[in-house]
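Naming: A, B, ... by sequence-line order, numbering from 1 per chain.
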Protein chains: 2
Amino acid sequence: MRGDTGIPHPCGACAFYPDSVWQPVENGSISMLARAFSRKELANGQTLFDQGSENRGVFCVSRGLIALRTHHEGGTSTLLRLAYPGEVIGFRSFLEDRLHLTEARALLPSRVCTVARRDARRLVQANPTVLARLASRCISEIDRSHERIIAAATASNKQRLAALLFDLLEAHGEREGNHLRMHLPLSRKDLADLIGVPPETLSRLVGRLGKEGFAIDGRNVAIPARTAAKAGTEPPLTKTCPAAS
Amino acid sequence: MRGDTGIPHPCGACAFYPDSVWQPVENGSISMLARAFSRKELANGQTLFDQGSENRGVFCVSRGLIALRTHHEGGTSTLLRLAYPGEVIGFRSFLEDRLHLTEARALLPSRVCTVARRDARRLVQANPTVLARLASRCISEIDRSHERIIAAATASNKQRLAALLFDLLEAHGEREGNHLRMHLPLSRKDLADLIGVPPETLSRLVGRLGKEGFAIDGRNVAIPARTAAKAGTEPPLTKTCPAAS
DNA sequence: CGCTGCGTTGAGCGCAGTCAACGAGCGTGG
DNA sequence: CCACGCTCGTTGACTGCGCTCAACGCAGCG
């Protein structure tokens, strides 16, 4: 983590250093990386960049949670991605040298590390391994998107909400007795935007999941530990069991 | 298109040469590229690679139309992408060195150019510009996927089908008088998989679009030219115009 | 001739979108 | 302190869309 020049790698102390896209930056270029590097603390709800704004560099989430959202005409919006610590955001507008198509906003108090655009570009050109790592992050985003397209085409709204809550429980939940419990980092509208339904429908879905093992009260969510990977996935049973679903 | 060694660039005669991911390959490496390069003719319905198979290289569509589809347990499938001439496919499994997550099948008689994996990897390592172009193709795929996620969340099935038919008309249609006409390269099931509905629902959607300016008979589709970018996008009007929608 | 794949049509019904109203929580300002 | 406005979330009523199962027509083919 410390090159021949004695300058430490800016990401060297980070828990995600081994997988950092900047990890391959070599001794001679570390000073440039250090110069272009900056940390930023984001309060809850603060934006890192706005939709339509110019790219300022490559961003890496260090702490907290960032929502990537696109706003459409008509006031609606879609939450395209949740970015957790270790994940890189803003790489599309960086690599293609174009405006941001999404807005990045902190859902929790967060810290984001930035490598400023001009030097980031030089570093990428000087070190193809960095580009390879960025490409790998692109592919992860393709995989995520494909999974979501498939889920939208094959799963019901209730199933998708249940799956989303499981994912969130995995990331934010804590074991408590034989329950998994968490404080939701998302508003109802954010949840609705994530599964692609209006807030009223989401509210009803939450109500229905409440009868299927989920305990949802405001932003507090809990499930019996063994329910994991089961609830919300049952077939409709419309004719054999009128009380179900 | 002809290097100092006298070996012509394998893509040199291709209409998409300027945008080819291999265009940046330099003189010294062109012989390797030529060695790894092969063309393949695909009959209608023939597969280029199967879901779960090993990657054999980087594929570029030269002629025809390729469908990228994933099959799920239960016999259903989702058509994730249509790849037109000039587009690159199979790059995820190539770059990440993993199995194909999708199946590639020709929807029309097609020609596909392949650069075999081992040499393709060497070429990418030797020439970062090639990697940059591959990354650009990744980003295009991210953009396409995001648009589709947004469409699934904001547009009705009918709107999405209308938009899909417009896109297909743009790619395959011919002006005929003041109509746009085409022969659909997709079966009903493929259309259904593309917009994420069962075939029965697609059939009904087709029926409804038939009352809104589309003339759809089997695989023959036509619209009045001025209908473009209009039909299927009207608001429901459920209360003011009972005959609509 | 029967088989199979493809596409359509019908019946039934739950789910979801829309409009609307309401209540809780909260910060502001008089 | 209360009134007010605001956001957020929920609930109700209504309508129609879309999923499911089922049957049928049809073409190609052995």
Side-chain angles (χ1 to χ4, degrees), chain A residues 44-45 74-79 107 151-162 184-212 214 216-221 232 234-245, chain B residues 44-45 74-79 107 151-162 184-212 214 216-221 232 234-245:
Chain A
N44 201 314
T76 61
S77 67
T78 302
L79 216 171
L107 293 177
T154 60
S156 70
N157 289 341
K158 191 179 71 175
Q159 288 171 332
R160 294 209 311 283
L161 175 58
L184 260 182
L186 299 168
S187 68
R188 288 293 192 264
K189 173 151 196 330
D190 287 340
L191 285 176
D193 286 348
L194 262 178
I195 62 172
V197 300
E200 302 96 315
T201 295
L202 180 96
S203 185
R204 289 179 231 276
L205 291 173
V206 166
R208 272 192 274 160
L209 283 184
K211 301 171 187 169
E212 300 185 19
F214 284 85
I216 307 174
D217 176 41
R219 291 201 172 193
N220 297 312
V221 179
E234 306 93 3
L237 295 176
T238 48
K239 286 175 181 172
T240 58
C241 178
S245 187
Chain B
N44 202 315
T76 61
S77 67
T78 301
L79 216 170
L107 294 176
T154 61
S156 69
N157 289 343
K158 190 178 73 175
Q159 289 171 331
R160 294 209 310 283
L161 175 58
L184 261 182
L186 298 169
S187 69
R188 288 293 192 265
K189 172 149 198 330
D190 287 340
L191 284 175
D193 285 347
L194 262 177
I195 62 171
V197 299
E200 304 96 313
T201 295
L202 180 94
S203 184
R204 291 179 229 277
L205 292 174
V206 166
R208 273 192 272 160
L209 283 184
K211 301 172 185 167
E212 299 184 20
F214 285 84
I216 307 175
D217 176 41
R219 291 201 173 192
N220 297 311
V221 179
E234 307 92 1
L237 295 175
T238 48
K239 288 177 180 170
T240 58
C241 179
S245 189

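- B:Q159 and B:T154 get closest at one heavy-atom pair: OE1-O, 4.4 Å.
- For the atom pair A:L209 CG and A:L161 CG, the distance stands at 5.0 Å (nearest 0.5 Å).
- Atom CZ in A:R219 sits about 16 Å away from atom P in D:dT7, given to the nearest Å.
- For B:R208 and C:dT8, the CZ to P distance is 14 Å, given to the nearest whole Å.
- The base of C:dG10 sits within donor-acceptor range of the side chain of B:R204, with an N or O pair under 3.5 Å.
- Note: CG (B:D217) to P (D:dC26) measures 14 Å, nearest angstrom.
- Between A:I216 atom CD1 and A:L191 atom CG the span is 8.5 Å, to the nearest 0.5 Å.
- With sequence neighbours left out, the side-chain contact (heavy atoms from CB on, under 4.5 Å) criterion links A:R204 to A:E200.
- Take B:T78 and apply the side chain to side chain donor-acceptor pair (under 3.5 Å) test, not counting sequence neighbours, and it matches B:H72.
- For the side-chain contact (heavy atoms from CB on, under 4.5 Å) test, residues two or more places apart in sequence or in another chain that qualify with B:S187 are B:K189, B:D190, B:R219.
- Annotation: side-chain contact (heavy atoms from CB on, under 4.5 Å) contacts of B:S203 (sequence neighbours excluded): none.
- One atom, NZ of A:K158, and another, P of C:dG17, lie 15 Å apart when rounded to the nearest Å.
- Remark: P of D:dC8 and CG of A:L184 are 16 Å apart, rounded to the nearest angstrom.
- By the side-chain contact (heavy atoms from CB on, under 4.5 Å) test, A:R160 pairs with A:A151, A:A155, A:N157, A:I195, sequence neighbours left out.
- Atom-to-atom distance recorded for A:L107:CG and A:N44:CG is 7.5 Å, nearest 0.5 angstrom.
- Regarding B:L205, its CG atom lies at a distance of 17 Å from the P atom of D:dG16, rounded to whole Å.
- Residue A:N157 places at least one side-chain N or O closer than 4.0 Å to OP1 or OP2 of C:dA16.
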Report each atom pair, protein N/O against N/O of nucleotides 21-25 of chain C, whose distance is under 3.5 angstrom.
none

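- For the segment residues 188-202 of chain A, the set of residues with a heavy atom within less than 4.0 Å of an atom of DNA chain D comprises A:R188, A:K189, A:E200, in numerical order.
- Computed from coordinates, the A:L186 CG to D:dC8 C1' distance equals 15 Å when rounded to whole Å.
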